[in-house]
Amino acid sequence: MSTAAENPASSSAPPAHVRVIASSQSWIEGEAVRQLEAMARLPGMRLAVGLPDLHPGKGAPVGAAFTSEGFLYPYLVGNDIGCGMGLWDVDLPARKAKPERWAAKLDLEGPWSGDVEGFLHEQGVKSSGFEMALGTVGGGNHFAEVQRVDAVHDAEAFAALGLAVDRLLLLVHSGSRGLGEAILRAHVDRHAAGGLVEDSAEARTYLARHDHAVAWGRANRALVARRVLDGIGAQGRRVLDVCHNSVTPCRAGGRMQWLHRKGAAPSDEGPVVIPGSRGALSYLVAPVGDGTGSAHSLAHGAGRKWTRTAARERMRERFTAESLTRTAFKSHVVCENKDLLFEEAPPAYKAIDRVVTDLVEAGLVRVVATLAPVLTYKTRSQGE
DNA sequence: ATGTAC
């Protein structure tokens with residue numbers, strides 16, 4: 001059998017190291033740490049790292065990275081295989097931003113009207129059967145956001161990325177839509193939360209599908225970006241694109257390991273953007289150090305503070321939906337699904353500044369620049 | 001997170 005829990009040899013292995021990278025000033029839910037510790041007891045697990053945006057998930061915590069030997073765990077990657085953040089440099093000066101006009105007309109619902117197969121081919125990605133969703137943002141915490149530069153902290157690194165203070169940027173957070181979900185479901189139907197023995201036929205099958213979903217998710221972000229850019233009449237250049245839900249092979253002290261990221265940005269692929277809520281700054285950061293103590297990973301966002309249910313109830317009591325379409329930064333929000341508008345409201349998230357400060361103090365990143373929201377696109381569909 | 005479930 002290829003299910004890890006059924007391999008008796010693995011139960012005698014030493015337990016994984018568990019590390020939560022967060023200062024005492026960062027509040028982390030007890031349940032999230034319990035989930036991290038539970039995952040650390042899985043067979044073959046070596047290191048379980050909670051980043052400062054650690055929060056409870058459905059079984060496995062979000063904002064965490066795990067290394068294992070001999071086994072890999074699709075359940076730790078989750079359903080949104082290949083989810084990540086892409087940043088585009090937009091060839092439009094910030095003073096030319098027309099957020100209210102763009103908010104009124106931008107529409108990324110439904111299939112793209114262009115040549116989807118041709119687009120995928122250009123990206124070097126095979127089609128998946130989920131192409132009707134290619135170029136759509138999705139639900140939950142996904143978004144496309146036009147941003148302006150708030151402040152530059154490292155002018156050299158900022159310039160090295162080809163960025164300019166007076167130009168707009170576009171940040172896209174989305175994943176592989178229904179594709180990753182289908183891949184995880186096929187695994188869970190047979191193995192529940194159990195892992196796969198590396199080099200087994202099932203592991204190879206999963207990894208091939210996983211790698212395809214990662215590539216397809218990246219292409220999805222590229223098409224979301226293209227649709228937004230077309231909508232605002234601009235061109236863009238992809239500056240970076242990183243995946244925060246994946247499992248990849250890596251070497252540790254000459255040994256082969258599997259690095260699982262569950263809402264954790266890579267620290268070994270150059271600069272990344274760590275977004276706050278739609279009403280907060282996003283941080284463009286450059287990784288520092290060799291990444292061995294942090295499973296080569298960083299926080300991927302602010303992390304939820306309130307559950308979706310609590311956010312809906314609390315925000316509904318105090319705010320009208322209309323008032324939530326503008327933020328403290330005077331930015332505009334397109335989210336015509338009211339439940340989602342309340343669930344993703346800025347108070348439902350932790351303070352991104354604290355999360356990034358924790359990473360800086362842990363010696364994991366240097367801040368390159370802060371980016372402010374101009375227009376956040378979530379959905380035009382009512383949904384209720 | 002999700003063409004969202006029996």
Side-chain angles (χ1 to χ4, degrees), chain A residues 31-32 35 39 53-65 73-86 108-112 116 127-144 172-189 192-193 206 209-210 212-221 223-224 242-247 260-265 275 277-278 299-304 306-312 335-345 348-349 376-384:
Chain A
E31 176 59 15
Q35 288 183 344
M39 298 302 110
D53 59 334
L54 184 72
H55 59 283
K58 170 180 132 276
V62 182
Y73 292 90
Y75 182 72
L76 282 186
V77 178
N79 64 315
D80 198 2
I81 303 164
C83 187
M85 302 276 172
L108 281 71
E109 309 309 307
W112 186 45
V116 177
S127 51
S128 68
F130 288 85
E131 276 65 41
M132 76 292 282
L134 194 77
T136 62
V137 171
N141 56 1
H142 290 174
F143 62 81
V172 177
H173 177 198
S174 188
S176 59
R177 312 290 283 104
L179 175 59
E181 165 80 14
I183 294 167
L184 179 68
R185 194 167 48 239
H187 167 80
V188 167
D189 283 348
Y206 171 79
R209 291 176 179 163
H210 162 283
H212 180 216
V214 168
W216 197 93
R218 186 180 171 93
N220 184 44
R221 289 186 289 279
L223 187 51
V224 166
V242 296
C243 171
H244 54 229
N245 287 348
S246 66
V247 55
H260 306 72
R261 293 189 174 106
K262 172 73 170 175
S277 72
R278 68 192 183 213
H300 81 313
R304 288 198 82 83
W306 296 347
T307 64
R308 292 186 175 279
T309 310
R312 273 199 306 273
C335 184
E336 295 182 3
N337 178 325
K338 284 186 186 170
D339 279 343
L340 187 58
L341 184 69
F342 291 123
E343 289 168 11
E344 293 292 314
Y349 283 88
T376 307
Y377 183 95
K378 297 282 290 178
T379 182
R380 286 233 98 93
S381 304
Q382 282 354 56
E384 62 173 347

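Owing to the predicted nature of the structure, the values given are computational and were not obtained by experimental measurement. Convention: sequence-line order gives letters A, B, ...; per-chain numbering from 1.
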Legend entry - Backbone of Lys262(A) reached by a side-chain donor or acceptor of His244(A) within 3.5 Å: no
Inset, instruction - Would you please indicate yes or no on a ring centroid separation below 6.0 angstrom for His210(A) and His187(A)? - result: no
Identify each atom pair where a protein N or O and an N or O of nucleotides 2-6 of chain B are less than 3.5 Å apart, giving names and distance.
| residue | atom | partner | partner atom | Å |
| --- | --- | --- | --- | --- |
| dT2(B) | OP1 | Arg177(A) | NH1 | 2.7 |
| dT2(B) | OP2 | Gly139(A) | N | 2.6 |
| dG3(B) | OP1 | Gly178(A) | N | 3.3 |
| dG3(B) | OP2 | Arg177(A) | NH1 | 3.2 |
| dG3(B) | OP2 | Gly178(A) | N | 3.0 |

Inset, instruction - Verify side chain to side chain contact (heavy atoms under 4.5 Å, CB included) between Glu343(A) and Leu340(A), making sure each step is shown before the conclusion. - result: CA-CA 5 Å; Glu343(A) 289 168 11; Leu340(A) 187 58; 3.9 Å; yes
Legend entry - Heavy-atom check, side chain of Asp80(A) versus side chain of Ser176(A), under 4.5 Å: yes
Legend entry - Residue pair Glu336(A) / Thr379(A), side-chain heavy-atom distance below 4.5 Å: no
